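Right, one structure below, let's go through it.
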Amino acid sequence: MRFPTVQEQLDIIVGNVVEILSVDELEQKLLQSLKTSRPLKIKLGADPSRPDLHLGHSVVLRKLREFQDLGHEAILIIGDFTAMIGDPSGKSKTRPQLSAEEARQNGESYFEQASKILDPEKTTICYNSDWLGFMKFADVIRLSSHYTVARMLERDDFEKRYRAQEPISIHEFLYPLAQGMDSVHLKNDVELGGTDQKFNLLVGRDLQREYGITPQVCITMPLLVGTGGGEKMSKSLGNAICFNDSPADMYGKMLSIPDTLIETYCRLLVPPADKKGIEILSKRIEEPRTAKRALAKKIVALYYSNSEAADAETHFDQIFIHKKAPDHIELIEFEEQSLPMIDLLTILGAAVSKSEARRMIQQKSVLVDDRKIEEITECIELEIEPKIIRVGKRKFFKVATKKTF
RNA sequence: GGGUAGGUAGCGAAGUGGUUAAACGCAACAGACUGUAAAUCUGUCGACUAUGUCUUCGGAGGUUCGAAUCCUCCCCUACCCA
C-alpha cells in the first residue's frame, strides 16, 4: 500500500481538532516517519475508574482511529495506577480507589468498548502500573523536582480552585507528572486528549524533554456537550449516551438533544465517510426533526447495525408517537396475587423509595394497562395474563403472578 | 504551634433558641403544550407502618420544655502569622 503523503495525512489529522502543539513538529514527525517507514506512536490515556464509554469519548477515539488508518500505532494506556490519584481535572471528587483486579477488568471493558471505534488488531494496550508501580520514592522526588509549584498553579483548574480558596491536595500535583511519566516511558510521538487534558499533555511534553526524548505533539479535541445541551457529556451528570446503551435508548437520547446541537453532534460523532446525507439534512434548519432522526439512526447504526437502528426508530415511534407499550418487555412474575401499587413500584425499581412511588401515583404518572392509577392506596390484582405497567413516559414493566388458584 | 473565617439537603446558598423537613436558585423527576427539541406553565424533590410518626444541618457530648441555632471537646477546609 502507498503511504499517504505528509500533506494528505495532515489534512485528515487537522479535522475537528481544537489545537495541535505544534503543527510544525507534527509535520516533521510525519516526514520522518515516511522517510524511515516507522509509524508514529499515538498515545491516548484511558481512565479505568469510569469504564462506561460514551459519545464524548468517541470524539477522541475516532481521531485515534484516523491515525491507525494512516498506518500509525495506537497505544491505549489504561491509567490503573493514576486512577489511584483521581484526575483533578474538572470536578474534583475523591474517587473510590480501585483494586488492581477491578482496574484490570475495567481496563478490558474499556478496550472492548473502544474497539467499536478502534481497530483492535492494531491497538497496543498497556497499564501504567507496569512502570509507575515500580517507581521508588526517590524516583518520585526526582520527578517532582522537574516541575515547580508556580507552573502547576498555571493550570486553569488549579488556579480557579486556588483563587476560590478551595483545597488542592499535594497528590493532585502528582497526577499530571504521573501521566507525563507515561509519555516518558512510551516515548510516544503524539498524545491525544480532550481540551481539558491540555495541561496534562503539555506536562508530558515537558517531561519528555527533561528526560532527553523528542517531545510529543499534543492534539486536543473538543469536549462533547451532553444531551442536556449545557455541560460536557459525562456519565455522572446523567447526560451521556453510552456505547453500551441499548439501541432504543441510544436513539431516544439522541432525539432528546436540543436542535442547536444537531450540527455539532453530526460533525464530531459521524465519521466523514458516513456523513453525507445527514450533513445536508442537519443544515436544513426548517427540518430539524427530520435531521435529528436521521442523525439518531446513523449513530445507532454506527454502534450496532442498520437493522437495529431501524428497529430502534420503529420502537421509538410506537412508544412516543403512537404512545403504545413496546412489543417486548421482560415479564416479571410474582408469587403474590395482589400487591399494593406502592410496593410493586419499589420492587420493580420504578421508584427508589415508597415515598417516591407515592409521588409518582399522586402525579398521575402510573398506568396499568392504560388505566391511570388514582389512589395511592390502590392494589394491583396480578393474574396469569400479564399486565403492562407504565411509569412516566419511558418506564415499562410487564407483571403477572406465577400461581394459578 | 498561634490567629481569623468557615463546614446546612445532588450542587450553590439563606437561616443564628420555638408552625423549620429547613427560604431561594440550579440540577433532577412528574404533568400540560410539543418533535422524549427549545421556551413556557404547574407540581414534586429525607424516610416510613402516612392528615400522623421518625431521622437529618461536620462528629461526639452537654444546657433547655424546645437546638441547624447556645456551651465543651474533637475532625475537616481556606487565609494570615511562625
Side-chain angles (χ1 to χ4, degrees), chain A residues 88 90-95 153 158-172 225-241 245-266 281-282 284-297 299-300 312-326 339-343 345-367 370 372-379 389-396:
Chain A
K91 309 241 155 55
S92 67
K93 283 276 167 202
T94 30
R95 300 240 182 92
L153 286 174
F158 284 147
E159 204 222 316
K160 274 192 200 132
R161 281 161 67 191
Y162 189 69
R163 265 193 310 190
Q165 306 200 333
E166 278 164 21
I168 301 171
S169 302
I170 302 291
H171 78 285
E172 295 184 64
V225 177
T227 52
E231 293 157 300
K232 72 168 184 184
M233 185 174 281
S234 134
K235 182 102 200 262
S236 46
L237 290 172
N239 61 5
I241 300 178
D245 280 345
S246 69
D249 268 359
M250 205 178 250
Y251 187 89
K253 286 185 186 176
M254 276 303 299
L255 279 202
S256 78
I257 65 169
D259 291 354
T260 47
L261 239 48
I262 298 175
E263 213 175 320
T264 313
Y265 267 43
C266 183
L281 277 171
S282 74
R284 263 200 243 150
I285 35 170
E286 68 274 18
E287 283 265 35
R289 190 169 163 265
T290 318
K292 205 190 277 181
R293 282 174 70 95
L295 176 62
K297 206 169 170 183
I299 296 287
V300 178
E313 191 166 70
T314 315
H315 178 264
F316 176 86
D317 291 350
Q318 183 171 357
I319 295 172
F320 297 105
I321 296 181
H322 306 300
K323 304 212 191 281
K324 284 189 200 149
L339 268 175
M341 266 325 283
I342 291 179
D343 291 350
L345 292 178
T346 40
I347 294 167
L348 290 172
V352 217
S353 64
K354 290 189 182 180
S355 297
E356 196 183 71
R358 213 167 244 277
R359 269 175 237 132
M360 298 304 241
I361 296 175
Q362 272 164 352
Q363 291 175 142
K364 311 247 185 283
S365 66
V366 181
L367 298 173
D370 293 324
K372 201 168 274 175
I373 300 296
E374 303 281 352
E375 292 299 322
I376 49 176
T377 49
E378 204 164 316
C379 284
I389 298 180
R390 178 177 187 146
V391 184
K393 273 180 214 156
R394 49 195 114 156
K395 288 184 205 149
F396 291 92

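Letters A, B, ... mirror the listed sequences (proteins, then strands); counts begin at 1. Everything quoted here is computed from the prediction, not taken from an experiment.
- Partner assigned to B:U69 is none, using Watson-Crick or G-U wobble distances below 3.5 angstrom.
- Comparing B:A30, B:G35, B:C48 against the side chain of A:Gln363 picks out B:A30 as the nearest.
- Rounded to an integer number of Å, the gap from A:Lys253 NZ to B:G35 C1' is 19 Å.
- Across the P atoms, B:G15 and B:G58 are found 15 Å apart, a figure rounded to whole Å.
- For the pair A:Leu255 and A:Ala296, the tightest heavy-atom approach, listed with the atom from each and the gap, is CD2-CB, 4.1 Å.
- Between A:Lys354 atom NZ and B:U55 atom P there is a gap of 19 Å when expressed in whole angstrom units.
- Across every strand in view, B:C29 sits in a pair with B:G43 that passes the Watson-Crick or G-U test at under 3.5 angstrom.
- In this structure, the CD atom of A:Glu166 is 17 Å from the P atom of B:G6, given to the nearest Å.
- With both ends at atom P, the span from B:U77 to B:U8 equals 14 Å, rounded to whole Å.
- In this structure, CZ of A:Arg289 is placed 7 Å from P of B:G35, rounded to the nearest angstrom.
- Closest to the A:Ser355 side chain, of the nucleotides B:C48, B:A38, B:G35, is B:C48.
- Summarising the geometry of A:Lys372 relative to A:Leu367, their closest heavy-atom pair is CA-CD2, 3.5 Å, with the distance given to 0.1 Å.
- Taking atom C1' on both nucleotides, B:G7 is separated from B:U51 by 37 Å, rounded to a whole Å.
- Nucleic acid contact for A:Gly392: sugar-phosphate only, since backbone atoms but no base atoms lie under 4.0 Å from a heavy atom of the residue.
- For the pair A:Ile241 CD1 and B:A37 C1', the computed distance is 13 Å after rounding to whole Å.
- Atom C1' of B:C71 sits at a distance of 34 Å from the matching atom of B:G52, rounded to the whole Å.
- Nearer the 5' end of RNA chain B, as judged by each residue's closest nucleotide, is the contact made by A:Lys395, out of A:Ser353 and A:Lys395.
- For the pair A:Arg358 CZ and B:G31 C1', the computed distance is 19 Å after rounding to whole Å.
- Taking CD of A:Glu375 as the reference point, atom CE of A:Met341 lies at 13.0 Å (rounded to 0.5 Å).
- The side chain of A:Pro167 has B:A78 as its nearest neighbour among B:A78, B:A37, B:G31.
- To the nearest angstrom, P of B:A38 lies 12 Å from OH of A:Tyr265.
- As the counterpart of B:A21, no nucleotide is assigned, since no Watson-Crick or G-U wobble pattern has both distances under 3.5 Å.
- The local environment of CD1 in A:Ile170 is sparse, with at most 12 non-hydrogen atoms from other residues, nucleotides or ligands closer than 6.0 Å.
- The side chain of A:Arg359 has B:A47 as its nearest neighbour among B:A38, B:A47, B:U49.
- For A:Met360, taking side-chain heavy atoms from C-beta onward, the closest of the listed nucleotides B:G31, B:G35, B:C29 is B:C29.
- Two rings, from A:Tyr162 and A:Phe158, have their centers 6.0 Å or more apart.
- Base pairing of B:G52 is made with B:C48, judged by Watson-Crick or G-U wobble geometry with both donor-acceptor distances under 3.5 Å.
- Within the shown strands, B:U4 is the pairing partner of B:A78 under the Watson-Crick or G-U definition, both distances less than 3.5 Å.
- Listed candidates were B:A78, B:G35, B:A37. Nearest to the side chain of A:Pro288 is B:G35.
- Atoms CZ (A:Phe320) and P (B:U34) sit 17 Å apart, rounded to a whole Å.
- Taking atom P on both B:A60 and B:U53, the two are 25 Å apart, rounded to the nearest angstrom.
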Please output the side-chain donor-acceptor pairs of residues 354-362 of chain A that fall under 3.5 Å, not counting sequence neighbours, one pair per line with the distance.
{"unit_1": "A:Lys354", "atom_1": "NZ", "unit_2": "A:Asp343", "atom_2": "OD1", "d": "3.3"}
{"unit_1": "A:Glu356", "atom_1": "OE1", "unit_2": "A:Val352", "atom_2": "N", "d": "3.0"}

